[in-house]
Amino acid sequence: MKTISELLEGATARAVPVVRGIEDDQLALGTPCSEYDVRALLNHLLLVIENFRALAAKGSTDFSRTEDVVTGDWRGRFDDETALLVKAWAAPGAEEGTAGGMQMPARTVGFMVLGDLTVHAWDLARATGQDFVPDPVVVAELEPGLAAMAPQAREMKVFGEPFPVAPGATAFERVLAVTGRDPGWRPSRR
């Protein structure tokens, strides 16, 4: 069984090139998360990463923050923030007990940020016309974890209703579908 930090390292290696590949003129494009354009999704993801880093250290969080952090060298900031996230989850005790104010098992909380990082990297890649191939080890761990979390995530309005996929769907297509995403989503033409 891989540690959360090892899994996050694999997810980060796939997400960072996607964020680096986003052009400034793509920030207003729509994403598979209908409530977010690219800029809003980047803001969300950067704040999620910051909060889940604090949770790894059993600290407090503020998920209500919504400021625009996609300013200055936001690509470099994403690199730095994801590296700090991996480091935080590698710290002794990060996966033990409960995580911060969420009062959930730390490993479960680690899977939450792993899911966010992986799925939102796909969202951003799709929105900006980039290829995205997730780390297969991450997907193998995420599929059962997200499926188990899905009912509560839907109650919390974090996941949409499951998207129906064909019997031959890949593991990652099933991961996307359980979160309520259409794995075949493409940007609409304006």
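Heavy atoms only: backbone and side chains are in, while hydrogens, waters and symmetry mates are out.
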[X] versus [Y], closest heavy-atom pair with distance:
X: Ala125; Y: Val18; result: N-CG1, 3.6 Å
X: Ala54; Y: Ser60; result: CB-O, 3.5 Å
X: Ala106; Y: Ala94; result: CB-O, 3.2 Å
X: Leu114; Y: Ala11; result: CD1-CB, 3.7 Å
X: Gly30; Y: Ala127; result: O-CB, 3.2 Å
X: Gln26; Y: Gly21; result: OE1-O, 3.9 Å

Would you compute the distance between atom [atom1] of [X] and atom [atom2] of [Y] and round it to the nearest 0.5 angstrom?
X: Leu42; Y: Arg77; atom1: CG; atom2: CZ; value: 11.0 Å
X: Arg126; Y: Phe132; atom1: CZ; atom2: CZ; value: 10.5 Å
X: Cys33; Y: Asp123; atom1: SG; atom2: CG; value: 4.0 Å
X: Met112; Y: Leu55; atom1: CE; atom2: CG; value: 8.5 Å

Is there a donor-acceptor pair closer than 3.5 Å between any side-chain N or O of [X] and the backbone N or O of [Y]?
X: Asn43; Y: Val69; value: yes
X: Thr108; Y: Met104; value: no
X: Arg181; Y: Phe163; value: no

Does the side chain of [Y] come within less than 4.5 Å of [X]'s, by heavy atoms?
X: Gln130; Y: Ile22; value: yes
X: Phe78; Y: Ile49; value: yes
X: Phe172; Y: Pro183; value: no

**Study point:** Criterion ring-ring contact (aromatic ring centres under 6.0 Å, His included) on Phe52 and Phe111, from CA distance to verdict
**Key:** CA-CA 10 Å; Phe52 277 87; Phe111 271 103; over 10 Å; no

Check your understanding: Does Glu23 pair with Arg75 as a salt bridge, N-O distance under 4.0 Å?
Key -> no

Review point. For the side-chain contact (heavy atoms from CB on, under 4.5 Å) test, which of Leu45, Val48, Leu7 pairs with Val113?
Key: Val48

Check your understanding: Heavy-atom count around Lys58 NZ within 6.0 Å, excluding the residue itself: above 12?
Key -> yes

**Study point:** Heavy-atom neighbours of Asp73 CG exceed 12 at 6.0 Å
**Key:** yes

Review point. For Asp80, which residues count as a side-chain hydrogen bond (donor to acceptor under 3.5 Å, both in side chains) partner, sequence neighbours excluded?
Key: none

Point to revise | Pair Trp74-Val19, side chain to side chain contact (heavy atoms under 4.5 Å, CB included): steps then yes or no | key: CA-CA 9 Å; Trp74 54 268; Val19 171; 3.8 Å; yes

**Study point:** side chain to side chain contact (heavy atoms under 4.5 Å, CB included) between Ile4 and Leu8, worked out
**Key:** CA-CA 6 Å; Ile4 293 296; Leu8 284 169; 3.6 Å; yes

Review point. Does anything in residues 104-119 pair up under salt bridge (Lys or Arg N to Asp or Glu O under 4.0 Å), and if so which pairs, sequence neighbours excluded?
Key: Glu95-Arg107

Point to revise | Those residues that, when tested against Glu173, pass salt bridge (Lys or Arg N to Asp or Glu O under 4.0 Å) (two or more places apart) | key: none

Would you mind writing out the side-chain donor-acceptor pairs for residues 134-154 within the sub-3.5 Å range, not counting sequence neighbours?
residue	atom	partner	partner atom	Å
Asp135	OD1	Val137	N	2.8
Asp135	OD1	Val138	N	3.4
Glu143	OE1	Arg174	NH2	3.3
Glu143	OE2	Arg174	NE	2.5
Glu143	OE2	Arg174	NH2	3.3
Arg154	NE	Gly160	O	2.9
Arg154	NH2	Val178	O	2.8

Check your understanding: Taking a hydrophobic cluster as the set of Ile, Leu, Val, Met, Phe, Trp and Tyr residues connected by side-chain heavy atoms closer than 4.5 Å, whether directly or through intermediates, do Leu84 and Leu46 fall within one such cluster?
Key -> no

Practice item. Check the hydrophobic clustering (I, L, V, M, F, W, Y; side-chain heavy atoms under 4.5 Å; chains of links allowed) and say if Val165 and Val133 are grouped together. Key: no

**Study point:** Listed once per pair and sorted, the side chain to side chain donor-acceptor pair (under 3.5 Å) pairs that draw on residues 30-40, sequence neighbours left out
**Key:** Tyr36-His44, Arg39-Asp68

Exercise for review: Check side-chain contact (heavy atoms from CB on, under 4.5 Å) between Arg20 and all other residues, then give those that pass, not counting sequence neighbours.
Suggested key: Val16, Asp79

